[in-house]
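Reviewing the structure listed below.
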Amino acid sequence: MPLKVYNTLTRRKEEFIPLKDNEVRMYVCGVTLYDKLHLGHARAAVVFDVIRRYLEHRGFKVNYVTNFTDVDDKVINRAKSLGTPIFDLTGRLIEEYFQQMEPLGVRRANDYPCATEYIKEIIDLIKKLERKNLAYAQDGDVFFRVRGFPSYGRLSGQDLKELSVGARVKVNERKEDPLDFVVWKKAKEGEPFWDSPWGKGRPGWHIECSAMAMNLLGESIDIHGGGVDLIFPHHENEIAQSEAASGRRFAKYWIHNGLVKMKDQKMAKSTQNVFTLSQALQDYDGETIRFFLLSAHYRSPLDYHESSLREAKSSLERVYNILKRMKEITGEQSQRTTDSNLRFLVEDLSSHLKKMRTRFIHDMDDDFNTPAALSFIFEAVKKANLLLREGRSLDGSSQQVLLKTREKIKNLGDILGLFQKEEKKRLGEQEKKLIEILVNIREKLREKKDWKLADEIRKKLDELGIELEDKRAETVWRTKS
RNA sequence: GGCGGCAUAGCCAAGCGGUAAGGCAGAGGACUGCAAAUCCUUUAUCCCCGGUUCGAAUCCGGGUGCCGCCUCCA
């Protein structure tokens, strides 16, 4: 079964075959550094992190680059309004980015280039375009000549004739053609600038990604990604610049994640309709947010409601509960069981277990279908629960099935960056003994039906993170995660 | 106006021609002194209308409604 990936360029799922052997070069448009991160940014980061992890799991060697755009109008304006130097702002936001992505389980990319570190490369790229007569300078600005690149519009399915340019933004009259876009922008008074053959200025809006991707990964890369809102004009322009300059296909597969919606609208800074990552991280741990973000297929829009994260938390707890319980079953084994119902449950789980990996790969091979992959894991959870319900009357081989299921859930979860939370901190022997003393005393209280005091002990221990569970014959305790 | 995409239970969400996964929430039940946890049961004219097919949530045609892009945006 081949891995299939939906390619925006062809609008269909295609078999994924890297350009070179099993090496994958992947570039994903990162964030512009001018404001807080929100769930939309988190989704993009998590989605491509999963794609990267899965590709690696599939045996590909992935070189993953994602950038920071640290100079543009928004950044400049924001810094100005804050009254801080631009680098203070961008530096702080980069730091914040890593601080907030780390709890989400987003692994570090191989490189995080900043636009301002690639000014020279950007200038070189523009010069190349100029030589090919695809860019022209005009009073300090440099524009890309869109009509010089015949396949312009292919990615977004736009017809040059239909593009209603200037419908909402006034056309810069210095352009030869309204479709043309800026690749180098003349510096205004008080703006940051770099020297260039066209005078003092800074990169245009799309050129930095072309320059960084081509310099770090090569003129032809395997995957280029980002949110669907980047398809036009950002990625369209990237293609035009890059392919016009190199004469080669820029990226083989274009992968775009759907947007996070809130109140039926996309979540975006421009609409003020945002739920920031830091807000989310205040109330929920990163894994819960990650789980939520992976609960829909990456290309679908994802609705965020006020209850979304609470629901994700419950789902996640279900998995951690069973992981915990499965771990606890070791030890006391009974004789080989002959109970037919029990044997059925064991067989059922056992056969599910055998299919888990294949099914997971099958689902993920189908354009990274994480919700489908997760659902099969949840079925395993259910079957394991059913079996565990039978308590201690499990024989050794049944216990093995449970333990293997546990391993499988953790292994597959690891590919998604889920279910890896470490078992809670170890308690010392002293502490364990103290807890056992309390539990034993409480047992006696319960025998005397002194519920009030028994409940109080349970409550107090619970507050310390120690959970008691009264079973038929005994009380078991555990630390909470 | 142009270009994309989506419409599946109370909510989220798979499904890609063979008779509706999974999660969350709710209700009832089992268990419990009470909890917690867990399990069981329970809720779907798959937006509408036609068509193709032995058979369609799935394919085709036509509607309707939402969303995104055409301006910076993950």
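Just so it is clear, the model here is predicted, and its values are computed rather than measured. Chain letters run A, B, ... following the sequence lines, proteins first and then strands; every chain starts at 1.
- With a cut-off of 3.5 Å on both pairing distances, the Watson-Crick or G-U wobble partner of B:U42 is B:G26.
- Atom CZ of A:Phe232 is separated from atom C1' of B:G5 by 17 Å (rounded to the nearest Å).
- Among the protein residues, A:Arg12 comes within range of no part of the nucleic acid, since none of its heavy atoms lies under 4.0 Å from any strand.
- Using a 4.0 Å heavy-atom distance criterion, A:Leu468 is classed as a base contact.
- A:Phe419 does not carry A:Arg406 over the face of its six-membered ring by the limits of under 6.0 Å from the centre and within 45° of the normal.
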Please table the atom pairs, donor to acceptor, closer than 3.5 Å between any side-chain atom in residues 8-16 of chain A and protein atoms at least two apart or in another chain.
unit_1, atom_1, unit_2, atom_2, d
A:Thr8, OG1, A:Trp254, O, 3.1
A:Thr8, OG1, A:His256, ND1, 2.7
A:Thr10, OG1, A:Asn7, O, 3.4
A:Thr10, OG1, A:Glu14, OE2, 2.3
A:Arg11, NH2, A:Leu155, O, 2.8
A:Lys13, NZ, A:Asp366, OD1, 2.8
A:Glu14, OE2, A:Asn7, ND2, 3.3

Base-contact (B) and sugar-phosphate-only (S) positions in nucleotides 8-16 of chain B, heavy-atom cut-off under 4.0 Å, - elsewhere: ----SSSS-

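- Here B:C73 presents its P atom at 8 Å from NZ of A:Lys74, a figure rounded to the nearest Å.
- Residue A:Glu379 is classed as a sugar-phosphate contact, given heavy-atom separations below 4.0 Å to backbone atoms only.
- In the displayed structure, A:Phe98 atom CZ is contacted under 6.0 Å by more than 12 heavy atoms of other residues, nucleotides or ligands.
- Taking the P atom of each, B:C67 and B:G29 are spaced 43 Å apart, rounded to whole Å.
- Under the Watson-Crick and G-U wobble criteria, each requiring two contacts below 3.5 Å, nucleotide B:U58 is left unpaired.
- Across all strands shown, B:C31 forms no Watson-Crick or G-U wobble pair with both distances under 3.5 Å.
- Across all strands, A:Val260 comes closer than 4.0 Å to base atoms (heavy-atom distances).
- Base engagement by A:Asn257 is indicated by at least one non-hydrogen atom pair under 4.0 Å involving a base atom.
- Nucleotides of RNA chain B nearest to A:Ser315 and A:Cys29 differ in position, and the one nearer the 5' end is that of A:Ser315.
- With C1' as the reference atom, B:A57 and B:A44 are 11 Å apart, rounded to whole Å.
- One interatomic measurement links the two molecules: CD of A:Glu467 to P of B:U38, which rounds to 10 Å at whole-angstrom precision.
- At a threshold of 4.0 angstrom between heavy atoms, the contacts of A:Gly258 include nucleobase atoms, whether or not backbone atoms are also involved.
- Here CZ of A:Phe360 is found 4.5 Å from CD1 of A:Ile415. Values are rounded to the nearest 0.5 Å.
- B:C70 and B:G63 have their C1' atoms separated by 26 Å, given to the nearest Å.
- Taking all atoms of both residues into account, the shortest heavy-atom contact from A:Phe48 to A:Gly225 is CZ-CA, 3.7 Å.
- If you take CZ of A:Arg43 and P of B:G68, they are 14 Å apart, rounded to a whole angstrom.
- At whole-Å resolution of the value, CZ in A:Arg154 and P in B:C70 are 21 Å apart.
- Residue A:Lys266 places no side-chain atom within donor-acceptor reach of the base of B:C67, judged by atom type and a 3.5 Å distance cut-off alone.
- Between B:U38, B:C69, B:A21, one nucleotide has an atom nearer to the side chain of A:Asn385 than all others, and that is B:U38.
- Among the nucleotides B:G5, B:C69, B:A37, the one closest to any side-chain atom of A:Tyr6 is B:G5.
- Centre separation under 5.5 Å together with a plane angle under 30° does not hold for the ring of A:Phe378 and the six-membered base ring of B:G23, so they are not marked as stacked.
- Projected onto RNA chain B by closest heavy-atom contact, A:Glu317 and A:Asp455 fall at different nucleotides, the more 5' of which corresponds to A:Asp455.
- Across the strands present, B:C3 finds its partner in B:G68; the criterion is a Watson-Crick or G-U wobble pair with both atom distances under 3.5 angstrom.
- Rounded to whole Å, the C1' atom of B:G1 lies 38 Å from the corresponding atom of B:A9.
- Nucleotides B:A7 and B:C59 have their P atoms positioned 11 Å apart, rounded to a whole Å.
- Heavy atoms of A:Gly226 sit under 4.0 angstrom from primed sugar atoms or phosphate atoms, though from no base atom.
- In this model, the phosphate group of B:G5 is not approached by any side-chain N or O of A:Arg299 to a distance below 4.0 Å at OP1 or OP2.
- Pairing for B:U19 is absent, judged as Watson-Crick or G-U wobble with the two contacts each under 3.5 Å.
- Protein atom NZ of A:Lys355 is 13 Å distant from nucleotide atom P of B:G22, rounded to whole Å.
- Taking only side-chain atoms of A:Gln265, from C-beta outward, the nucleotide of B:G5, B:A25, B:G68 with the closest atom is B:G68.
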Worked check of side-chain contact (heavy atoms from CB on, under 4.5 Å) between A:Leu412 and A:Leu416: CA-CA 7 Å; A:Leu412 298 179; A:Leu416 301 176; over 6 Å; no

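- No donor-acceptor contact under 3.5 angstrom links the side chains of A:Ser242 and A:Glu238, judged on distance only.
- Taking 4.0 Å as the cut-off between side-chain N and carboxylate O, A:Asp462 and A:Arg458 do not count as a salt-bridged pair.
- For A:Arg458 and B:A35, a side-chain-to-base donor-acceptor distance below 3.5 Å is present, hydrogens and geometry of angles not being considered.
- In this structure B:U53 sits in no base pair that meets the Watson-Crick or G-U test at under 3.5 Å.
- If you look at A:Tyr27 and A:His224, their ring centroids are closer than 6.0 Å.
- Electrostatic pairing of A:Glu443 and A:Arg446 counts as a salt bridge here, judged by a charged N lying under 4.0 Å from a carboxylate O.
- Here B:C39 is the nucleotide among B:A74, B:G33, B:C39 with the atom lying nearest to any side-chain atom of A:Leu386.
- The base of B:C67 lies outside donor-acceptor range of the side chain of A:Lys261, with no N or O pair under 3.5 Å.
- Here the C1' atom of nucleotide B:A36 and the CH2 atom of A:Trp477 are 17 Å apart, to the nearest Å.
- The NZ-P distance, from A:Lys382 to B:C39, rounds to 7 Å in whole Å.
- No N or O donor and acceptor, one from the side chain of A:Asp72 and one from the base of B:C72, sit under 3.5 Å apart.
- Rounded to a whole angstrom, the distance from the P atom of B:C66 to that of B:G61 is 23 Å.
- Checked against the 6.0 Å centroid criterion, the rings of A:Tyr112 and A:Phe68 qualify as a close aromatic pair.
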